[in-house]
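Here's the structure we're looking at; comments come further down.
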Amino acid sequence: MAHSARRDAPELPDFSLLKRLARDQLIYLLEQLPGKKDLFIEADLMSPLDRIANVTMLKQHDVDKLYKVENTPIFSTCDQICFLIRPRIQTVKWIADTVNADKAAGKFRKYKIIFTPQKFYACETVLEEQGIYGDVSTDEWAFYLLPLDDDIISLELPEFFRDNFLEGDQRWVTTGGSALHLLHSLFGPFSKVYGIGRCAKMVYESWREQVEESEQKAQKSEIGNVFLIDRDVDFVTPLCSQVVYEGLVDDIFRIKWCVEFGPDVTTADKSMKVMLNSQDKVFSEIRNEHFSNVFGFLSQKARNLQTAYDKRRGMDIKQMRTFVSEELKGLKQEHRLLSLHIGASESMMKKKTKQDFQELLKTEHSLLEGFDIRECITYIEEHINRQVSMIDSLRLLCLLSLTENGESQSYGIEHLLTFANLRQLGLLVEQQPGDALTAMESKVGKLVNDKTAEKLTGAFSSLAKKSNFRALSKKLALVPKTGEEYDLRVPRDMAYVFSGAYIPLSCKLIEQVLERDGWTGLEEVTRMLNGNEFVVTGEAISDARFKTDSQRIILVMFLGGCSYSEISALRFLGREKGYKFIVLTTAIINSARLMEAMLDNHV
Amino acid sequence: MMRSKPDEDDYWNSSKCRAFTFDDDYDELSSLKESKRAVNSIRQFVVDEDEDEDDMVKVSWSGEPIGTAQDPYAIAFYYLINSNLDLSGVNLSLPGGHSYGDSLVFFIPSYVFFFFFFFFFLQFCSLETFRSLKDKMQLLDQAVCANDGNVITAVCTHVFLQKYFLQCKLEVLSRELMSRDVALRHYIHYLKEMGEQKLLVELFKSLGRTEDMALLQYREHLSIKDEVRRKEYLKSCISLPFPPDDAGHVQDHYTLLERQIIIEANDKHLENKGQVEVFKKHPRKASILNMPIITTLYYSCVYHYGESEGTYSSPANIRSTFKISEKQYLLTALSARAKLKEWLDVGSLFTTKNWLGYTKKRSPIGFHRVVDILHKNNAPAQVLQEYVCLVEDPNLKISLAQKYKCHDIVIDMYKDQKDRQQLIVYQGKVERGSPEDKKIQDILNNTQIRWKN
């Protein structure tokens with residue numbers, strides 16, 4: 001939509017190189033096991049793999065059959081088996097069982113495990129303990145970076161968040177460093193690296209170590225600046241309901257490499273998998289828009305389309321032929337996309353109205369603003385009592401505790417932990433599938449209620465205490481003054497991604513640091529965020545030509561994930577200031593994924 | 001200096017891949033031999049590197065030197081393929097005169113000792129240096145400084161070799177560990193992942209983290225599938241050292257499962273016999289076992305409503321046993337009875353008698369919520385109207401009445417408010433010639449009313 005974008009924004013680097021690189025390395029690894037082999041792929045690697053290689057390519061390199069890892073006994077007749085997996089204990093144990101079962105049955109095969117992006121010490125211990133260390137060869141596929149879109153690269157490691165922030169396991173630190181190193185060697189050198197957070201610091205150090213080991217060839221720099229940020233610097237933002245189109249689609253339909261739209265959206269009888277990225281011309285125009293603008297935009301689009309179709313009236317044969325060969329295909333595609341997004345919007349609208357979304361948003365905004373807290377608490381209590389949705393209830397509680405309670409950022413995590421334990425301890429047990437009637441009611445057990453009551457009073461009593469979020473919000477002006485009209489059609493700042501109620505803390509920090517070219521003047525802010533901020537100037541770039549362009553390309557690395565709303569906010573900031581942001585994240589998250597990462601009710 | 005691949009293969013195969021298993025019954029002598037060989041091969045590297053570290057040329061996997069390649073893609077590809085071999089490119093020199101037997105003082109840059117560790121921890125268990133607790137802890141601290149979680153975990157598991165761990169006075173160890181939070185968290189996560197339940201319990205115990213220990217033991221119940229055994233296990237958990245409120249929850253969990261087992265057996269029997277109306281009309285969709293308390297209450301409000309408090313399956317009993325709040329009880333019972341379209345039951349939920357015997361409807365949850373729930377359960381207009389009437393806030397009441405088309409309420413309210421204009425507007429919304437339309441017309445024609453507009 002019409003935005004007063006700065007025209008001189010630099011071009012983004014071409015990240016398709018990353019896919020080629022990963023593909024070539026995979027081929028190389030497959031060739032290490034010559035001859036026919038069956039390939040077992042970890043379920044959540046299938047879609048990423050699909051984006052960089054296809055079945056034909058795998059077949060060309062002697063992959064006979066493809067299977068999904070399902071932790072059940074395998075039925076393969078091939079005498080060579082290759083496993084392509086994440087370094088997870090569970091999966092390695094399953095492989096060990098498989099190999100041992102073969103052994104017991106007197107079957108002899110060759111096995112190879114390809115860990116991606118790397119293997120862990122614990123995985124090898126399992127192989128050793130299960131007595132198959134020598135029987136299985138292992139390798140690593142350094143597939144760190146999956147470009148999800150022109151400006152989004154993902155490590156596809158949702159476990160990064162839990163492992164690092166909840167368990168305190170730093171096993172992914174070098175992975176982060178290696179990912180950065182890869183980008184650096186392809187698109188660097190970086191001239192400045194900013195960062196905040198403990199993990200960010202460690203990732204930076206790991207990257208530096210790797211840089212020092214390898215020689216860097218002088219090359220044209222395509223990415224000038226890097227910003228590293230830990231997720232625990234800002235938990236508030238990903239806990240908020242998303243109202244920007246792409247974020248809303250993620251909240252409701254869950255984008256997982258692609259999104260599956262049900263029959264209610266497609267108006268056909270079956271559901272459809274759709275890739276949502278900048279290739280989709282309709283989507284790329286609405287993805288960053290506040291949802292309230294989307295309907296108007298789509299209907300305008302539909303009218304234009306009608307006009308374009310109508311042109312063919314009164315055409316002669318020749319004109320018609322040109323129309324059909326040149327325009328019709330494009331129009332048809334646009335038609336298809338339009339009806340898809342209109343369907344999606346309608347369906348989202350329906351779902352949100354049903355959930356009393358307005359009231360929920362009002363509560364969230366009040367919490368962010370620190371206004372009417374008593375009423376918010378009543379609302380949350382009722383939300384829990386009515387057992388609307390456990391994930392939402394937990395989310396609101398965390399938001400309450402973060403915005404009102406936080407002594408320090410880690411306070412929030414402890415709260416989350418409490419609830420994770422609650423889930424275990426609670427009578428919140430696995431859902432019996434297919435029980436629609438009680439699905440809603442059974443989600444929140446009474447335990448949570450009792451605990452909540454306690455937490456609520458706790459939160460209440462600490463209202464008097466000055467919390468960090470409040471102070472941060474004040475210091476950084478995250479919450480615009482109330483009473484002012486906010487035109488969501490013409491956003492004036494990043495707050496538009498939350499209906500003008502709140503500027504994402506993470507994005508505001510990035511804006512401030514870039515503006516000040518460092519942390520000077522933000523001392524009080526960093527103190528409240530537990531410090532660990534840094535800024536490092538890298539190699540000076542002599543060529544002035546690259547300097548101007550690459551300086552305005554900024555790689556933002558989110559350690560522990562980022563949400564689509566944050567990406568939209570950064571895109572907005574880029575348009576305003578003439579930057580181009582590239583988001584590098586360990587995974588795309590939203591409030592539900594964040595909460596679910598905290599639960600562990602399975603063995 | 002050029003080094004070809006076979007050299008390294010030799011090294012990796014001989015030392016890294018097979019040499020060190022840490023089983024108790026491992027042959028120590030051969031382990032020692034292997035370690036020596038490994039150490040020697042490191043030494044060899046060290047010497048080599050010292051001599052000609054400047055003219056190191058990297059070797060691609062095919063044996064061709066690619067150090068001169070300018071194409072960043074080639075470099076990156078090379079880098080990814082050779083990340084293992086790259087270890088050999090690291091300068092492993094130790095400051096002059098220090099042998100591996102010396103106490104652990106590192107004067108080398110951090111990136112070097114990251115790799116140094118990598119080599120080192122794989123061998124050290126038979127190196128005498130790391131036998132003392134002090135040295136072990138130093139090794140651990142160095143690993144933590146390297147930031148790599150993978151290395152920290154590896155060092156942890158070696159420092160706390162099970163054999164050693166069990167022999168060592170746990171208190172001594174835990175004292176050392178408490179100040180090393182990063183290492184400790186790695187070790188705990190490792191034990192969790194590996195399912196080392198017993199060891200973890202011991203560790204928590206020795207660290208004095210009894211609550212964590214209790215939780216961990218309690219968590220075990222998830223792996224017990226048989227409900228009777230699960231119940232017995234939960235019973236044994238009650239005495240674990242939980243903080244007081246958690247202990248209450250565990251007790252509740254046990255009680256709940258115990259009740260559920262009884263209810264399930266009874267109801268399954270009733271359902272199979274097919275003589276009880278409610279089971280015929282609303283067949284059970286799932287077993288009640290292992291469901292949360294509120295679901296159990298809902299279930300009992302569906303299948304056992306009206307039973308006396310004496311029976312385990314009655315809503316009243318569940319409510320009092322688990323101290324369910326009035327609001328929560330009302331909401332649950334309301335949903336259940338509305339689902340079954342038992343409007344009389346719904347009515348009696350809110351009916352209270354005062355001391356004079358008059359009945360009055362009262363709701364602690366706000367009647368607008370009640371209306372909402374009733375509407376979601378497709379309550380007939382008449383029922384809805386009755387509850388819309390009870391909403392106190394006039395604005396809310398009128399908007400609800402409009403939403404649910406309770407025309408009489410809307411009309412009467414506008415009449416009471418003497419709001420002629422609104423009444424006229426509303427007349428436009430109702431069907432022409434309908435009783436509502438007529439009623440509005442009658443009111444508008446009524447000259448007795450003093451309209452405010």
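To find a chain, count down the sequence lines: A is the first, B the second, and so on, and within it residues start at 1.
- Aromatic pair A/Phe187/A/Phe15: centroids less than 6.0 angstrom apart.
- Heavy atoms of B/Asp181 lying under 4.5 Å from chain A are absent altogether.
- Donor-acceptor pairing under 3.5 Å is lacking for the side chains of B/Arg259 and B/Thr296.
- Remark: the backbone N or O of A/Arg198 is paired with a side-chain donor or acceptor of A/Asp230 at under 3.5 angstrom.
- Side chains of B/Tyr299 and B/Arg284: a donor-acceptor N/O pair is present below 3.5 angstrom, by distance only.
- For A/Val126, the parts sitting under 4.5 Å from any heavy atom of chain B are the backbone and the side chain alike.
- For A/Lys201, no part sits under 4.5 Å from any heavy atom of chain B, backbone or side chain.
- Note on A/Thr125, A/Val173, A/Asp169: by heavy-atom pairs under 4.5 Å with chain B, the leading option is A/Asp169.
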